[in-house]
Amino acid sequence: MSRYRRRNLTVPLPEFHCHPCFPRQGPSLALALCVLALLFTGCGDGEEIRVYTIPKESEAPSSNELRPASNPSTSTDFAWQLPGDWEEIPPAGMRVAHFTVPGGEGRQVEGYVVPLRGVTGQDTSIVNLWRAELDLADLTAPQLEQEGMPIQIGDTRGRFYDFTSPGPKIDDRFKARILAAVTLHEGTTWCFKAIGPESPIADIKDRFLELLDTVDFHPPPGAMARAQAPQTGTSTSSPPRNSNLPSWEVPSDWESRTPGPMLLAQFSVPSETDASAEVTVSSFPGDVGGLLANVNRWRVQQLGLPPVTEAELDSLVTSLDVPGGEAMLVDMTGTDSKSGRPARIVTAVHPHGGQTWFYKLMGDPGVVANQLDAFTRFVQSVRHDQ
């Protein structure tokens, strides 16, 4: 009997999620994401291939933009063979596949697949997000070129990474380790990741590499029922109901813009002068390194300010009531590293459902001050349960 079992699965392209046992900073994550109760069972001794369907743009994007998953015109198929003793669980968010590897207390490994349609040339940013989860410093593109191992993923060439946290990250007892691979296929960056305690990750490394070798971006016709393309929403004030964004109320004078790389939404805000500001929305798995690491990234890279310590962080943060809990509101003023002009950043950081959501207002200090109330109402209007 083969040690692999195969199953059929069709899912839409959704959003990021991460390992549940990492410590979080900020509000409690009692707002756990309710995952769809779809259970997929095997078929005895036979083999069925695991097949996933994600939306795909009819034309290649003209720039590196993270496109919404709500208006596809065709489909891209993805299939692989999951080892028979690995448990498949319903994917959530941007995952199109999600599995766990059983183990004893503190030994469970979790893995998933996230396709980022229209995102190209962002491998360094993606890999550094994984490193931030493990409290590792960012690496430059040349450094990551040396760190990564060339690997075949389906009919594409990708790179494989293996990172371990410098200290305990899971239950304050175990170092955390990430196995991950990135490849580009037809305008979509595919991210494959397994995360868990250091020892069990070492135990599954060879099997994870074997799993990547089974990936098929072009499964044979008839292997699955294709998913229907979701309809495009018509509301101008909130995301389409079948998109994977929460609903929200956008101020009528904000102008929606095509979101840039790694962003889910972007708006320009009005000003009576030539000064400007914008609001962006992004979401990433886990705590993305924690609040302090993110604040210092914004300070150093965007505002030209020195980093702060954990003790100094408290003076920059206030709490903001949001539906179902609290967000952390961070307010800083410095110099825009791109324009050289004074700039102010106000960011609402909201952990929810195993992800961290970032709502950022950035621009001319005067414009930001004028829009602060509208920005606060916008963040407080966000509803994740649609």
Side-chain angles (χ1 to χ4, degrees), residues 16 22-27 122 124-141 143-144 165-167 169 259-269 271 275-320 322 326-352 355-372 375-376 378-379:
F16 289 95
F22 270 54
R24 310 265 191 247
Q25 295 191 22
Q122 300 293 322
T124 301
S125 298
I126 293 168
V127 176
N128 277 330
L129 282 173
W130 295 331
R131 289 180 58 84
E133 287 184 66
L134 302 179
D135 298 331
L136 296 172
D138 288 356
L139 296 181
T140 64
Q143 288 172 328
L144 285 174
S165 65
K169 284 287 290 183
M262 312 303 285
L263 297 178
L264 299 175
Q266 189 168 356
F267 308 93
S268 59
V269 300
S271 170
S276 63
E278 68 174 11
V279 172
T280 59
V281 180
S282 58
S283 177
F284 299 97
D287 63 6
V288 203
L291 183 61
L292 180 64
N294 285 288
V295 167
N296 281 332
R297 185 179 298 112
W298 301 328
R299 289 178 63 84
V300 174
Q301 297 182 6
Q302 295 183 296
L303 293 176
L305 297 172
V308 295
T309 64
E310 189 78 51
E312 295 169 325
L313 180 64
D314 289 344
S315 65
L316 303 176
V317 181
T318 57
S319 64
L320 177 67
V322 296
E326 286 185 334
M328 295 166 283
L329 202 64
V330 183
D331 191 343
M332 302 178 292
T333 301
T335 302
D336 190 322
S337 58
K338 293 182 180 178
S339 68
R341 298 178 179 178
R344 181 179 176 185
I345 290 178
V346 179
T347 304
V349 183
H350 183 209
H352 175 81
Q355 298 178 204
T356 302
W357 289 78
F358 298 93
Y359 304 88
K360 181 186 290 185
L361 169 62
M362 178 177 178
D364 177 82
V367 179
V368 169
N370 291 336
Q371 289 292 322
L372 189 54
F375 173 74
T376 300
F378 168 68
V379 175

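What you are looking at is a predicted structure, and each value in this text was computed from that prediction instead of being measured. Numbering of residues begins at 1 and proceeds along the displayed sequence.
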Inset, instruction - Please determine if Asp331 and Arg344 form a salt bridge, counting it only when a charged side-chain N lies under 4.0 Å from a carboxylate O. - result: yes
Inset, instruction - Decide side chain to side chain contact (heavy atoms under 4.5 Å, CB included) for Leu305 and Asn296; before the verdict, give the C-alpha distance in whole Å, the side-chain angles of both, and the deciding distance to 0.1 Å. - result: CA-CA 8 Å; Leu305 297 172; Asn296 281 332; over 6 Å; no
Legend entry - Point-to-point distance, once rounded to the nearest 0.5 Å, from CG of Leu316 to CE of Met328: 13.0 Å
Legend entry - Glu278 CD to Gln371 CD distance, which is reported to the nearest 0.5 Å: 12.5 Å
Legend entry - Exercise: identify the closest heavy-atom pair between Pro365 and Pro342: CD-O, 3.4 Å
Legend entry - Contact check, side chains of Trp298 and Leu303, non-hydrogen atoms, under 4.5 Å: no
Legend entry - Test item: Leu139 and Val127 side chains (from C-beta on) under 4.5 Å apart, heavy atoms: no
Inset, instruction - Please round to the nearest 0.5 Å and tell me the distance separating atom CG of Asp336 and atom CE of Met362. - result: 4.0 Å
Legend entry - Val322 vs Trp357, side chain to side chain contact (heavy atoms under 4.5 Å, CB included): CA-CA, chis, key distance, verdict: CA-CA 12 Å; Val322 296; Trp357 289 78; over 6 Å; no
Legend entry - Presence of salt bridge, Lys169 and Asp135, under 4.0 angstrom: yes
Inset, instruction - Would you indicate whether the side-chain heavy atoms of Phe375 and Val368 approach each other to under 4.5 Å? - result: no
Inset, instruction - For Arg299 and Pro306, work out which heavy atoms get closest and say how close. - result: NE-O, 2.7 Å
Legend entry - Pairwise distance CG(Leu134) to CG(Leu129) - rounded to 0.5 angstrom: 11.5 Å
Legend entry - Side chain to side chain, Glu133 and Ser165, heavy atoms closer than 4.5 Å: no
Inset, instruction - Taking all heavy atoms of Val367 and all of Val269, pick out the closest pair and write down the distance. - result: CG1-CG2, 3.9 Å
Legend entry - Side chain proximity check, Leu291 to Val317, heavy atoms < 4.5 angstrom: yes
Legend entry - Interatomic distance, Leu292 atom CG to Arg297 atom CZ [nearest 0.5 angstrom]: 10.5 Å
Legend entry - Leu313 versus Val295, closest heavy-atom pair with distance: CD1-CG2, 3.8 Å
Legend entry - Closest contact, heavy atoms only, Ser337 versus Gln301: OG-O, 2.8 Å
Legend entry - Spacing of CZ belonging to Phe358 relative to CG belonging to Asn294, to within rounding of 0.5 Å: 4.0 Å
Inset, instruction - List the atom of Ala277, the atom of Asp364, and the distance in Å for their closest heavy-atom pair. - result: CB-N, 4.4 Å
Inset, instruction - List the steps, then state whether side chain to side chain contact (heavy atoms under 4.5 Å, CB included) holds for Val279 with Tyr359. - result: CA-CA 7 Å; Val279 172; Tyr359 304 88; 5.7 Å; no
Inset, instruction - Return the orientation label for the His352 and His350 ring planes: parallel under 30°, perpendicular over 60°, tilted otherwise. - result: tilted
Inset, instruction - Might you work through the side chain to side chain contact (heavy atoms under 4.5 Å, CB included) test for Val330 and Ile345, ending with a clear yes or no? - result: CA-CA 8 Å; Val330 183; Ile345 290 178; over 6 Å; no
